[in-house]
Protein chains: 4
Amino acid sequence: MQPVSAGPSRPRPVGRGAKVHRAVLAATLAELTETGYAGLTVENIAKRAGVHKTTIYRRWQDRERLVTDAVIDLAASTLPIPDSHDIDADLRAFGRGLVGWLNSPTGQAVLAVLASDAARLPQVAKAKQRLFNDRIGRAAPVVQAAVDRGQLPVGTDPAALLKTLIAPIYLRLLVTAEPVTETTADTAAQVALTAARAGLLTGAAHQPAP
Amino acid sequence: MQPVSAGPSRPRPVGRGAKVHRAVLAATLAELTETGYAGLTVENIAKRAGVHKTTIYRRWQDRERLVTDAVIDLAASTLPIPDSHDIDADLRAFGRGLVGWLNSPTGQAVLAVLASDAARLPQVAKAKQRLFNDRIGRAAPVVQAAVDRGQLPVGTDPAALLKTLIAPIYLRLLVTAEPVTETTADTAAQVALTAARAGLLTGAAHQPAP
Amino acid sequence: MQPVSAGPSRPRPVGRGAKVHRAVLAATLAELTETGYAGLTVENIAKRAGVHKTTIYRRWQDRERLVTDAVIDLAASTLPIPDSHDIDADLRAFGRGLVGWLNSPTGQAVLAVLASDAARLPQVAKAKQRLFNDRIGRAAPVVQAAVDRGQLPVGTDPAALLKTLIAPIYLRLLVTAEPVTETTADTAAQVALTAARAGLLTGAAHQPAP
Amino acid sequence: MQPVSAGPSRPRPVGRGAKVHRAVLAATLAELTETGYAGLTVENIAKRAGVHKTTIYRRWQDRERLVTDAVIDLAASTLPIPDSHDIDADLRAFGRGLVGWLNSPTGQAVLAVLASDAARLPQVAKAKQRLFNDRIGRAAPVVQAAVDRGQLPVGTDPAALLKTLIAPIYLRLLVTAEPVTETTADTAAQVALTAARAGLLTGAAHQPAP
DNA sequence: GACTAAACGAGACGGTACGTCGAGTCTTTGT
DNA sequence: ACAAAGACTCGACGTACCGTCTCGTTTAGTC
């Protein structure tokens, strides 16, 4: 079992406890991926992490906090945002990057959480949305720059375009359970660009005035 | 002497059991919608259905079978497929119909199951895919007729088009937790049509040769 | 809606009931002997009697009444009281008869009830005592006749003598779980006679004045 | 049941468990005395012991083992064996001691088990016999000494004599449900002595050669 | 010999207790 | 002094049997 990427180090003055901390979070994610949120057992996590149950409860108040923590850790994982000033290439690269990440162990874990009752936990839901908003927020300037360069119509909503791009990918993963490849990403990118150039993805269309 | 009743088959004098059956399935779906699969309690279901716990176990072997049964029941629900020979209007109507269904209690229940650990149960996963395949399968001829009428490019893959249509809707419901309205459906329909007319949604693009 | 009929309003004695009645009581005793009172199952009794559970509940209000009824039936079984005007021979015969009866199926059933929680049921306890009192009451005149004939000391309490006779037999069956044979009965008879002739078994000795 | 006394190595750092252990056994005996084996409820035992049901199941595999353990504990209770070198006085004292013990809470519990379906449990049956054999085994030397001193006939079987002594007491308790007093014990002692002095209680009479 | 009403077969149901599993708390002990 | 070990409370699981209920189906006694 490979440990999850360390991510931003959390300065806990616990000494060697940090090792335990990471082991438990990694074990939690592994169990989450394998058995889902229902069926998640603190005792199994403890066993897999080579740690006693009480040790877990000393650090996390309950199962929800533990899962939340593990997922938040995950949501911090970054996806590089391509920016080559060629919006067609950039969107294709963005889509392929997303597909690659979703097929990686980390991405699988995130998907497992998305399609799980764990997503009902408020903190997890927040982390989930933060993850998406963060990515879209970081990619939006690239799209906006393309608009400013005239590669896309004025008024194009970067968020709407990006969502149009990623939607087919998640549909296949979460709903129809079809395999997702780079072809899927490429088609999605083309569709999104075509729609944008047809002037369909303006903010008004997606966020009507209240 | 009385002749023996004809045939070895014994008709079941099903008493009032049918009423109980329905009440339990309804209660199961309600609980599933409210609390998710984890946190689902047979005792709560029994209480809500006004039935005793053992009665439930008499009809369903365990919690999984119960949930499976409830969801399969659900998956049988049909969505009318519009067919006015105007593909633009039909797709918009299809999208709006889907949105309306997803906002109904039944749709909410289906969504709750989709985004739940219940989907890990093999039978539930099968039911889930059957639901989608069935709908797409029933809508595909309408799209194909439009192709035949020349309203869409030759070679357009009906399934790919329909998936492009529904993807943004599910993305908002399952991932970004944004509200979904008829506007969402309309935009999605336009995007899908535009992409199709750009020749992006051919079968080849989605199912590349091995 | 009572149809008027001539004579007393006596329900029609529709009659295969008696057969069922006996079958159930027999099955009850068999189960009682095999598995004891704890572990007694109405459903098993029904199965053994070739009868449906509800049929049993139609005739007996609950398990206790059923067991009570079965045992009371049993307690009515009679043991012949020897009377040859030779008290030594009679007591020996009485002891041997008791041993034989206790080793018979009926006796085994009675023992099973004696050493069972069924004896806590008031009606069963009464039946149990009635059984013993009845036997001792029927044998007492024989002993009293021996006293009158001068074969035993004046003042000898027949009940005390008979109890002294049967006590070792029941001790072996109920407490020490030793086998009981005719030798046991013979020794017990001799002991009882010796004690009586020593003047130890007068009523006063057992029922001291208050 | 007492844990093994601590040796050089302590494999079990038993917590406060010992207190719970005793409380549960005591509650088991109390319930057993009050309601018998049938009708014995683990949940009631737990409630009475101020302990949770699962705690009981952690220590005892099932109800049978629990009852067995409680009774075995009981069977360890000792009865002092009088030895004044006056066999008449000693037997009377033995009888009175037995009566006193049987009227005590401990004795009542033992009787409750004797006359219960719990006695069908193999381990309980063994414990029961061990209890009796142990007591008779410890009293036998006193009787044998009396034989050696010439107070009883040569060849007298101590076990046979002692059983003759205790038989009427158990008969009254288990069968006829009469009250048992010291008078009962005194008479029984006299009867046993008289029988022994008449040469009736030799081993041969009770244990015929196979 | 047909009618009719009691008795029976069948089985679902509410309910109690079983024995099991896991969550989360608390206590004892070793170092 | 403090953390590991594990015993404890609590709640739900899925099972067995109790005793009740309501249907239909014999079956025996009367007409």
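In what follows, every chain begins at residue 1, and chains take the letters A, B, ... in the order their sequences are listed.
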- Sugar-phosphate only, base, or nothing, as touched by C:Leu40 at under 4.0 Å among non-hydrogen atoms: sugar-phosphate
- Query: Given atom CZ of B:Arg63 and atom C1' of F:dG11, what is their separation to the nearest angstrom?
  - Reply: 13 Å
- Starting at the 5' end of DNA chain E, which residue's closest nucleotide do you reach first, C:Gly50 or D:Val42? C:Gly50
- Query: So, does A:Asp117 use its side chain to make a donor-acceptor pair with the main chain of A:Tyr37 at under 3.5 Å?
  - Reply: no
- Can you figure out which of E:dG24, F:dC8, E:dC18 approaches the side chain of D:Thr41 most closely? E:dC18
- Message: Using the side-chain heavy atoms of D:Thr55, tell me which of these nucleotides is nearest: F:dA5, F:dC8, E:dA10.
- Response: F:dC8
- Message: Could you check whether the side chain of A:His52 and the base of F:dA4 have a donor-acceptor pair of N or O atoms closer than 3.5 Å, going by distance alone?
- Response: no
- Message: Rounding to an integer number of Å, can you tell me how far C:Arg22 CZ sits from E:dA7 P?
- Response: 16 Å
- Under 4.0 Å: is that the gap between some side-chain N or O of D:Tyr57 and OP1 or OP2 of E:dG19? yes
- Query: Whole-Å distance between E:dC18 C1' and D:Leu66 CG?
  - Reply: 14 Å
- Do B:Lys53 side-chain and F:dG14 base share a donor-acceptor contact under 3.5 Å? yes
- Starting from P on E:dC21, measure out to CG on A:Asn44 and report it in whole angstrom. 13 Å
- Item | Donor-acceptor pair, side chain of D:Thr55 and main chain of D:Val51, under 3.5 angstrom | no
- When every non-hydrogen atom of A:Val42 is compared with those of A:Ile56, the smallest separation belongs to O-CD1, 4.1 Å
- Note on the structure: Rounded to whole Å, the CD1-P distance (B:Ile56 to E:dA12) equals 15 Å
- Between C1' of E:dG22 and CG of A:Asp62, the distance in whole Å: 14 Å
- Evaluate the side-chain proximity of A:Thr33 to A:Leu111: yes if any heavy-atom separation is below 4.5 Å, no if none is. no
- In whole angstrom, what separates A:Lys47's NZ from F:dA5's P? 14 Å
- Message: Walk me through whether B:Tyr57 and B:Leu66 qualify under side-chain contact (heavy atoms from CB on, under 4.5 Å).
- Response: CA-CA 9 Å; B:Tyr57 281 110; B:Leu66 173 56; over 6 Å; no
- Query: Starting at the 5' end of DNA chain E and moving along, which residue's nearest nucleotide shows up first, D:Thr54 or C:Val51?
  - Reply: C:Val51
- Item | Candidates E:dC8, E:dC18, F:dG6 - which lies nearest the side chain of C:Arg58 | E:dC8
- Item | Spacing of C:Glu43 atom CD relative to F:dT15 atom P, expressed in whole Å | 16 Å
